[in-house]
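Before any comments, here is the structure.
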Protein chains: 2
Amino acid sequence: MEKLSNKIISRVLLYIRILEELIKKNRARVSSNELAKLTGLSDVQIRKDISKFGKIGTPRLGYSTRELKNILEDFVLHKETIQLALFGVGNLGTAILKYPAFKKDKLNIAAAFEKDKNKIGKIVNGVRIYPIDKAPEIIKKIHAEIGIVAVGAQDSQEVVDIMVLSGLKGIINFSPTFLNVPKEIAVRDIDLSLEFLALYCSVKILA
Amino acid sequence: MEKLSNKIISRVLLYIRILEELIKKNRARVSSNELAKLTGLSDVQIRKDISKFGKIGTPRLGYSTRELKNILEDFVLHKETIQLALFGVGNLGTAILKYPAFKKDKLNIAAAFEKDKNKIGKIVNGVRIYPIDKAPEIIKKIHAEIGIVAVGAQDSQEVVDIMVLSGLKGIINFSPTFLNVPKEIAVRDIDLSLEFLALYCSVKILA
DNA sequence: TAGATTGTTAATCGATTAACAATC
DNA sequence: TAGATTGTTAATCGATTAACAATC
């Protein structure tokens with residue numbers, strides 16, 4: 001099967017969410033037209049996306065919600081569990097820990113690190129908080145592959161250096177700073193600043 | 001000037017960030033090549049993006065960091081201040097309130113709403129927290145245009161109904177649920193689930 | 001003048017949409 | 001069989017990259 005672009009994958013994750021809602025409501029079937037309305041995308045795009053996974057639908061009847069969800073999920077979620085390490089358990093870090101994950105067994109935050117001594121040793125949502133200097137040792141032990149930067153801008157580079165040292169292969173960065181990282185490490189920057197958040201909204205509003 | 005795509009605008013916001021860093025380090029000039037290294041983009045793309053704003057660079061010398069930053073900022077940030085209203089002051093809501101905004105006078109969270117009575121009346125980062133049922137009244141008073149959904153999945157639809165009622169024109173949704181919203185309201189969904197966060201990272205890692 | 005870097009035009013690539021054939 | 005909906009092929013659109021001319 002041909003490799004899917006990130007764009008398609010992120011739409012597929014959206015389809016999965018919506019299919020779960022429909023299944024919860026005991027809907028057995030759904031048409032591309034209805035999915036279009038629910039997602040804001042076009043029906044053609046949805047059929048095209050789904051067609052990458054095979055001939056799953058039935059003319060006149062649409063798709064089986066359950067079958068479609070299973071097929072999409074099987075593809076999107078890797079076979080092996082990926083372990084993640086969280087750096088920073090402030091408001092943002094805690095929000096991430098508590099955010100619902102729909103397949104906890106495939107992606108798992110295995111440890112969290114903090115500099116605040118009052119938080120060390122605590123367990124938030126099942127995840128234990130360690131001091132930052134233990135990171136290299138613990139990350140190796142738990143085989144974490146991806147690190148999440150949820151510390152303030154002033155601490156982020158320092159934390160990232162430790163992450164690199166610990167052998168992480170990917171970094172999800174919530175800190176609004178430019179990170180110096182060896183290029184073999186994948187970095188995904190996520191910007192929660194008002195400028196970014198409002199971007200698409202306000203462009204549409206002001207257009 | 002031709003209208004810019006969201007893709008370009010979000011790169012422009014990145015350029016502004018990096019230019020600010022460079023200015024802080026007293027760098028007067030920067031080449032497209034150096035910006036390419038700092039952003040991970042190609043030098044051609046950077047020159048192409050910048051060329052949309054005019055002939056700003058000087059062959060052999062590159063761009064003036066200060067001039068470029070001012071021009072980009074002037075364009076990206078609208079003239080008028082946009083007021084926002086935040087719904088939900090839990091961990092995520094608090095993180096958003098505290099996240100650094102680089103032009104606070106252009107985008108401003110003017111009020112926050114909560115159902116938790118213990119939080120009502122408090123002020124977080126300069127923003128007062130009101131009970132949710134006051135939302136329609138207060139939103140009209142402060143002329144808020146965009147609302148941020150930072151409540152749990154189970155409360156999100158209820159909160160959104162109030163937002164629609166209050167006359168907001170745009171919604172930034174952090175809740176991992178599908179929202180029922182009249183189509184004249186712009187919705188931007190932001191997914192903080194591990195699946196989404198790890199998406200690009202893990203695809204790259206596992207590729 | 002020579003060399004480096006910008007800015008632009010043309011080519012390529014990928015994603016979306018339109019049209020329609022296949023199928024239940 | 002008729003009608004509705006899927007799946008696919010071709011056309012369009014937009015974004016990126018390559019090549020190179022312009023300029024300091």
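Below, all heavy atoms of this structure are taken into account, side chains as well, without hydrogens, waters or symmetry copies. Here is how names work: the chains are called A, B, and so on, in the same order as the sequence lines, proteins then strands, and each is numbered from 1. These numbers were taken from a predicted model, which means no experiment stands behind them.
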task = Dump the intermediate steps for side-chain contact (heavy atoms from CB on, under 4.5 Å) on A:Ser32 and A:Tyr63, then the final yes or no.
result = CA-CA 8 Å; A:Ser32 57; A:Tyr63 304 91; 4.2 Å; yes

request  = Report the C-alpha distance between A:Asp49 and A:Gln45 in whole Å, list the side-chain angles of each, state the deciding distance to 0.1 Å, and finish with yes or no for side-chain hydrogen bond (donor to acceptor under 3.5 Å, both in side chains).
outcome  = CA-CA 6 Å; A:Asp49 284 348; A:Gln45 184 162 59; 5.2 Å; no

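Looking at the side chain of B:Val44, the nearest of the listed nucleotides C:dT16, D:dA19, D:dT6 is D:dA19. Comparing C:dG7, D:dT8, D:dT5 by their nearest atom to the side chain of A:Pro59 picks out D:dT5.
Here A:Lys115 does not pair with A:Glu158 in a salt bridge; the nearest charged N to carboxylate O distance is not below 4.0 Å.
Contact check, B:Ser5 against D:dA15: a side-chain N or O comes under 4.0 Å of OP1 or OP2. Not one side-chain nitrogen or oxygen of B:Thr58 sits closer than 4.0 Å to the OP1 or OP2 atom of C:dT6. The phosphate of C:dG7 (OP1 or OP2) has no side-chain N or O of B:Arg47 nearer than 4.0 angstrom. The phosphate of D:dT5 (OP1 or OP2) has no side-chain N or O of A:Ser32 nearer than 4.0 angstrom. An OP1 or OP2 oxygen of C:dG7 is reached within less than 4.0 angstrom by a side-chain nitrogen or oxygen of B:Tyr63.
Between the CZ atom of B:Arg60 and the C1' atom of C:dA4 there is a distance of 5 Å, given to the nearest Å. Spacing between atom CG of A:Leu35 and atom P of D:dT6 amounts to 9 Å, rounded to whole angstrom units. Rounded to whole Å, the distance from NZ on A:Lys52 to C1' on D:dT6 is 16 Å. With rounding to whole Å, A:Leu61 atom CG is found 9 Å from D:dT6 atom P. For the pair B:Lys48 NZ and D:dC20 C1', the computed distance is 13 Å after rounding to whole Å. We find that CG of A:Leu41 is positioned 15 Å from P of C:dA15, with the value rounded to whole Å. One can place CD1 of B:Ile50 at 10 Å from C1' of C:dT6, the figure rounded to the nearest angstrom. The separation between B:Glu34 atom CD and C:dA4 atom C1' is 15 Å, rounded to whole Å.
Atom CZ of residue A:Arg60 and atom OG of residue A:Ser31 lie 12.0 Å apart, to the nearest 0.5 angstrom.
Between A:Lys55 and A:Arg11, the residue whose closest nucleotide on DNA chain C is further toward the 5' end is A:Arg11.
Remark: C:dG7 base-pairs with D:dC20; criterion is Watson-Crick or G-U wobble with both hydrogen-bond distances under 3.5 Å. Figure legend. C:dT12 is base-paired to D:dA15; pairs are counted as Watson-Crick or G-U wobble with both atom distances under 3.5 Å.
A 4.5 Å side-chain heavy-atom check between B:Tyr15 and B:Leu41 finds at least one atom pair inside the cut-off.
Using a 4.0 Å heavy-atom criterion, one finds that A:Ile8 contacts no nucleic acid atom at all.
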